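Have a look at the structure below before the remarks.
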Amino acid sequence: MSNIYKAFENKKAFIAFLTAGDPDFETSLECFRAVVRGGADLIEVGIPFSDPIAEGPVIQEADIRALSSGMTTDKVFDLVKELRKETDIPIVFMSYINPIFHYGADKFFKKAAEAGADGAIVPDMPYEEKGELLETAEKYGLDIISMIAPTSDQRIKMIAEEAKGFIYVVSSLGVTGVRSEINTDIGSMVKVIKENTDVPAAIGFGISTPEQAKKMAGVADGVIVGSAMVKIVAAEGKNAPEKLFEYVKSMKEAII
């Protein structure tokens, strides 16, 4: 069984996303450490990319800050290796197809496994085209995390049946970012998922407050928060770790 399942064992999972290297390597590492201390159950480590098409301005700007500070894919692996010395928390990479193919898919997943990662999310990879990457990832023991969006409709059953690790349920159409409210019929989506798989489902895109987190955790197995946390890094810079610790703690307490 994948290490990812630890995040969901007998509890609702709080999944935290940060861009690796934002605003610099050392501060970023301290931010991830703070997130672990705050109670996150799984971490998504964003690999900075110059053209992140699924991201809103908050994460786009984080990618630019990280790249400007000299962050590379190799340095992302180094960051995760450092983090792995201190925690066995499940870790998944968030990367677009381009950086993976540019790096070399086999080399990427080999290095990811050596760094201690458990899986990867590739938001611009269509379900129908996952074959090649899936095979390479599985060769090194990593799960490719499936995403299900409100537009997936009849494809939900098909995607759910083949999912590994956990399912990323996209709450809203459009790019990532904080939303004041989420109006999608998430309950119906999760119901179809649960009818077709035992793989845990976590909801992401737009969740930023403890109230939203509690509501979404009532529907699914976990919640994913990214932009709200990246905003803290943007606002606080080197002081971000302590603020992130408090934020994650409040979010985790809301879903218990």
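Quick caveat: nothing in here was measured; it's all calculated off a predicted structure.
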Determine, stepwise, if the pair Ile59 / Phe17 fulfils side-chain contact (heavy atoms from CB on, under 4.5 Å). CA-CA 10 Å; Ile59 295 176; Phe17 168 92; 3.8 Å; yes
May I ask you to test the Val169-Ile224 pair for a side-chain heavy-atom distance under 4.5 Å? no
ILVMFWY cluster, Leu67 and Ile97 together (side-chain gap under 4.5 Å): no
Could you state whether Leu29 and Val35 fall into the same hydrophobic cluster, counting links through intermediate Ile, Leu, Val, Met, Phe, Trp or Tyr residues with side-chain heavy atoms under 4.5 angstrom apart? yes
For atom CD of Glu135, is the number of surrounding heavy atoms from other residues, nucleotides or ligands below 6.0 Å larger than 12? no
Determine, using the 4.5 Å side-chain heavy-atom cutoff (strictly less than), whether Leu134 and Val122 are members of one ILVMFWY cluster. yes
Val223 and Ile15, any side-chain heavy atoms less than 4.5 Å apart: no
Does the side chain of Cys31 reach to within under 4.5 Å of the side chain of Val233, using non-hydrogen atoms? yes
Ignoring hydrogens and geometry, is there a side-chain-to-backbone donor-acceptor pair from Gln212 to Thr209 under 3.5 Å? yes
Kindly indicate, with the supporting measurements, whether the criterion ring pair (Phe, Tyr, Trp, His ring centres under 6.0 Å) is fulfilled by Tyr96 and Phe49. CA-CA 8 Å; Tyr96 288 83; Phe49 178 44; 5.7 Å; yes
For residues 21-41, which residue pairs qualify under ring pair (Phe, Tyr, Trp, His ring centres under 6.0 Å), counting only residues two or more places apart or in two chains? none
Answer yes or no: is there a donor N or O on one side and an acceptor on the other, between the side chain of Arg37 and the main chain of Lys249, under 3.5 Å? no
In the structure I gave you, are the side-chain heavy atoms of Asp41 and Lys6 within less than 4.5 Å of one another anywhere? no
May I have the list of side-chain donor-acceptor pairs in residues 192-200 shorter than 3.5 Å, sequence neighbours left out?
residue, atom, partner, partner atom, Å
Lys194, NZ, Asp221, OD1, 3.4
Lys194, NZ, Asp221, OD2, 2.4
Glu195, OE2, Lys191, NZ, 2.8
Asn196, ND2, Val192, O, 2.7
Thr197, OG1, Val199, N, 3.0

Is the Lys NZ or Arg CZ of Lys130 less than 6.0 Å from the centre of Tyr127's six-membered ring, within 45° of the axis? no
Check each of Asp143, Ile144, Val92 against Ile121 using the side chain to side chain contact (heavy atoms under 4.5 Å, CB included) test, and report the only one that passes. Val92
How are the rings of Phe205 and Tyr168 set relative to one another: parallel (under 30°), tilted (30 to 60°) or perpendicular (over 60°)? perpendicular
Are any side-chain N or O atoms of Arg65 and backbone N or O atoms of Ser68, one a donor and one an acceptor, separated by less than 3.5 Å? no
Cut-off 3.5 Å, side chains only: do Ser250 and Glu246 have a donor facing an acceptor? no
Please check this pair: side chain of Ser69 against backbone of Ala66, looking for a donor-acceptor N/O pair closer than 3.5 Å. yes
Would you mind checking if Lys139 and Asp106 are paired as a salt bridge, meaning a charged N to carboxylate O distance below 4.0 Å? yes
Minimum heavy-atom distance Ser95-Phe108, with the two atoms named: CB-CZ, 4.4 Å
Flag the pair Lys164 and Glu138 as a salt bridge only when some basic side-chain nitrogen lies within less than 4.0 angstrom of an acidic carboxylate oxygen. yes
For Ala7 and Leu42, which heavy atoms make the closest approach, and how far apart are they? CB-CB, 3.9 Å
Asp22 vs Met71, side-chain contact (heavy atoms from CB on, under 4.5 Å): CA-CA, chis, key distance, verdict: CA-CA 8 Å; Asp22 175 29; Met71 203 62 181; over 6 Å; no
Only one of Asn98, Asp74, Thr72, Thr73 passes side chain to side chain donor-acceptor pair (under 3.5 Å) with Tyr103, and that residue is Asp74
What about Phe245 and Phe14, same hydrophobic cluster or not, with Ile/Leu/Val/Met/Phe/Trp/Tyr joined at side-chain heavy-atom distances under 4.5 Å? no
Trace of the side-chain contact (heavy atoms from CB on, under 4.5 Å) decision for Ile145 with Ile167: CA-CA 6 Å; Ile145 306 304; Ile167 295 170; over 6 Å; no
Between Val80 and Phe93, is a side-chain contact (heavy atoms from CB on, under 4.5 Å) present by the stated rule, with each step listed? CA-CA 10 Å; Val80 171; Phe93 286 116; 3.6 Å; yes
Check for a donor-acceptor pair, side chain of Lys12 on one end and backbone N or O of Ala217 on the other, with a separation under 3.5 Å. yes
Donor-acceptor pair, distance only, cut-off 3.5 Å: does the side chain of Lys75 make one with the backbone of Gly70? yes
